[in-house]
Number of protein chains: 2
Amino acid sequence: MIRLLADPLRARMVELLADGALCTCHLVAELDAKQPLVSHHLRALREAGVVEREPHGRFTYYRLRPDTLTAAADRLTALAARARANAGVRREC
Amino acid sequence: MIRLLADPLRARMVELLADGALCTCHLVAELDAKQPLVSHHLRALREAGVVEREPHGRFTYYRLRPDTLTAAADRLTALAARARANAGVRREC
DNA sequence: AGGTCTCATCAACCTGTGCTGATATCAAGC
DNA sequence: GCTTGATATCAGCACAGGTTGATGAGACCT
């Protein structure tokens, strides 16, 4: 899941979608990317639950699912908390 | 930065380091990976500030830097918050 | 129905990067 | 000082996955 945010183009897509739902053509224009590429990444994001589809006539809108992002953030904070708790630990060789 | 956690091996390394500092040989053993590969990834993590070095004799220990993880988590929660605030927005075509 | 527009899917290509083997560097012990 | 063991660096390979072009499936309009 976090793996998807690694790609710079996908990261920009979720950044744009954080300000509201957009259709594919918006993303194509804003990102200056080819349409098949945008659709491809949107599919990946959708299958991972980062984004949800909203077909509107011949346009299809995509909307960010905040819960998925929150879940990822929680995993990171939990990791940080474990690291802080074990700050003094050092396994000997 | 989040980009680094995308690789499964690096993710496992961070997971292991969350339980306390480890030296390279520990990671090589636990991950069942070749030593140059582990050193390579540790370097990437270190240059991104995810991990810090602690040379101890001929061993070098690596320790997780929780603040870096927390910073990444905060960026994700901020993104989720923006998405929630703009839940009703939909730019027209 | 025909035409046009948006979007999705497919096949093929190509770049980035994870991985390996060989080698160098440094510390510890004899 | 020499050997041994741990770690870092380098060059090269291989493959995943990002990118592109062509094509197809629906939706809207006249």
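Residue numbers start from 1 in every chain, and the chains themselves are labelled A, B, ... in the order their sequence lines are given, proteins ahead of strands.
When the side-chain nitrogen and oxygen atoms of R53(A) are compared with OP1 and OP2 of dA8(C), one or more of them lie within a distance under 4.0 Å.
One finds the CZ atom of F59(B) at 8.0 Å from the NE2 atom of H26(B) (value rounded to the nearest 0.5 Å). Atom CG in L69(B) sits 10.0 Å away from atom CD1 in I2(B) (nearest 0.5 Å). Note that the NE2 atom of H56(A) and the CZ atom of R90(B) stand 3.5 Å from one another [nearest 0.5 Å]. Atom CZ of R58(B) and atom SG of C23(B) lie 11.0 Å apart (nearest 0.5 Å). In this structure, the separation between CG on L45(A) and OG1 on T68(A) is 10.5 Å, given to the nearest 0.5 Å.
The list of salt bridge (charged side-chain N to carboxylate O under 4.0 Å, His left out) pairs with a residue in residues 35-44 of chain B, not counting sequence neighbours, reads R43(B)-E47(B). A salt bridge (charged side-chain N to carboxylate O under 4.0 Å, His left out) check over residues 27-37 of chain A, counting only residues at least two apart or in different chains, returns the pairs E30(A)-R91(B).
Within residues 57-65 of chain B, the residues approached by DNA chain C to less than 4.0 Å at the level of any non-hydrogen atom are G57(B), R58(B), in residue-number order. Listed by residue number, the members of residues 8-24 of chain B with any heavy atom below 4.0 angstrom from DNA chain D are C23(B), T24(B). Using a 4.0 Å cutoff on non-hydrogen atoms, the parts of residues 32-50 of chain B near DNA chain C are K34(B), P36(B), L37(B), H41(B), ordered by number.
As a whole-Å value, the separation of L31(B) CG from dC19(C) P is 11 Å.
In this structure a side-chain-to-backbone donor-acceptor pair under 3.5 Å is present from D7(B) to R10(B). With R3(A) contributing its side chain and P8(B) its backbone, the two residues share no donor-acceptor pair below 3.5 Å. Checking side-chain atoms of T77(A) against main-chain N and O of A73(B) turns up no donor-acceptor pair under 3.5 Å.
Counting all heavy atoms, side chain and backbone alike, M1(A) lies closest to A48(A) at CG-O, 4.4 Å.
Nucleotides of DNA chain D that come within less than 4.0 Å of any heavy atom of chain A span, from the 5' end to the 3' end, dG17(D) to dC28(D).
Counting heavy atoms from C-beta on, the side chains of V51(A) and M13(A) never come closer than 4.5 Å.
Salt bridge annotation for R82(A)-E15(B): present, with a cationic side-chain nitrogen under 4.0 angstrom from a carboxylate oxygen.
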